[in-house]
Amino acid sequence: MSWQTQLQQSPLAQRWQALPARDRFALAALSGFLLLVCVYVLAWLPVQRYMHSASEDFQRQRTLHALISQNAPQLQGRSVTSPVVLAADELQGLLTASAQQQGLRLQRLDVQQPGWIEVQLEAVTVTALLAWLGQLQERGVVVEEVNLTRTEPGKADARLALSVGGF
């Protein structure tokens, strides 16, 4: 017995054939509509959301790049001097004092291990942050990681990982 014969003899196929032509057409149209809705909701919308999110991320990164590029000449003119050795136990005090001196407010200061600190700043002006990082580097602090998230023009939230030289 072929699969076509089995399909025609199935109770579902017999029930379908028993329906009036108008009902079969309505069910087929409804099934097609539901299929289109499912494709739209399960495939098209997620792709559109992802594309929109990727576009926003790209624009945000492009703006941040422009801001960093604009402020890069301020840092390029600095001379490199012999490295300053900073003791691991002096790092936290130096960060706190120099941040206050620059007018920066440290939101969070996590000592990961001696000589390695993670710092979080919110809505800080990028120029002040770059000046502060330059000042820290002159005093022997190594900037290990920087994560900037633009909050408004000229300002960003910053997460930094800082260590003493040679850590």
Do side-chain atoms of [X] reach the backbone of [Y] as a donor and acceptor pair under 3.5 angstrom?
{"X": "Glu118", "Y": "Leu109", "answer": "no"}
{"X": "Ser55", "Y": "Met51", "answer": "no"}
{"X": "Asp157", "Y": "Ala123", "answer": "yes"}
{"X": "Ser98", "Y": "Leu94", "answer": "yes"}

Non-hydrogen atoms of [X] and [Y] that approach each other most closely:
{"X": "Trp116", "Y": "Leu91", "answer": "N-CD2, 4.2 Å"}
{"X": "Gly154", "Y": "Leu67", "answer": "CA-CD2, 4.3 Å"}
{"X": "Gln9", "Y": "Gln14", "answer": "O-NE2, 3.2 Å"}
{"X": "Val126", "Y": "Ala156", "answer": "CG2-CB, 4.1 Å"}

Just so I know, are the side chains of [X] and [Y] near enough to count as touching, which here means a heavy-atom distance under 4.5 Å?
{"X": "Leu129", "Y": "Leu148", "result": "yes"}
{"X": "Thr151", "Y": "Val124", "result": "no"}
{"X": "Gln135", "Y": "Trp132", "result": "yes"}
{"X": "Ile117", "Y": "Leu160", "result": "no"}

In Å and rounded to the nearest 0.5 Å, what is the [atom1] to [atom2] distance from [X] to [Y]?
{"X": "Leu27", "Y": "Arg22", "atom1": "CG", "atom2": "CZ", "value": "11.5 Å"}
{"X": "Arg150", "Y": "Arg60", "atom1": "CZ", "atom2": "CZ", "value": "9.5 Å"}
{"X": "Leu106", "Y": "Gln92", "atom1": "CG", "atom2": "CD", "value": "9.5 Å"}

State, without any angle test, whether Arg24 and Gln17 hold a side-chain donor-acceptor pair at a distance under 3.5 Å.
yes
Consider only side-chain N and O atoms of His52 and Gln48, and report whether a donor and an acceptor are under 3.5 Å apart.
no
Short N-O contact, Arg108 and Asp110, less than 4.0 angstrom:
yes
For [X], I'd like to know if atom [atom1] has over 12 heavy atoms of other residues, nucleotides or ligands within 6.0 Å.
{"X": "Arg159", "atom1": "CZ", "result": "no"}
{"X": "Leu12", "atom1": "CG", "result": "no"}
{"X": "Trp44", "atom1": "CH2", "result": "no"}

Candidates Val146, Val142, Leu95 - the one meeting side-chain contact (heavy atoms from CB on, under 4.5 Å) with Leu162
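That would be Leu95; it is the only one of Val146, Val142, Leu95 passing the side-chain contact (heavy atoms from CB on, under 4.5 Å) with Leu162.
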Check the hydrophobic clustering (I, L, V, M, F, W, Y; side-chain heavy atoms under 4.5 Å; chains of links allowed) and say if [X] and [Y] are grouped together.
{"X": "Leu136", "Y": "Val143", "value": "yes"}
{"X": "Phe25", "Y": "Leu36", "value": "no"}
{"X": "Tyr50", "Y": "Val47", "value": "no"}
{"X": "Leu30", "Y": "Leu19", "value": "no"}
{"X": "Phe33", "Y": "Leu45", "value": "yes"}

The test is side chain to side chain contact (heavy atoms under 4.5 Å, CB included); show your working for His65 and Ile68 and say whether it passes.
CA-CA 5 Å; His65 178 267; Ile68 290 173; 5.9 Å; no
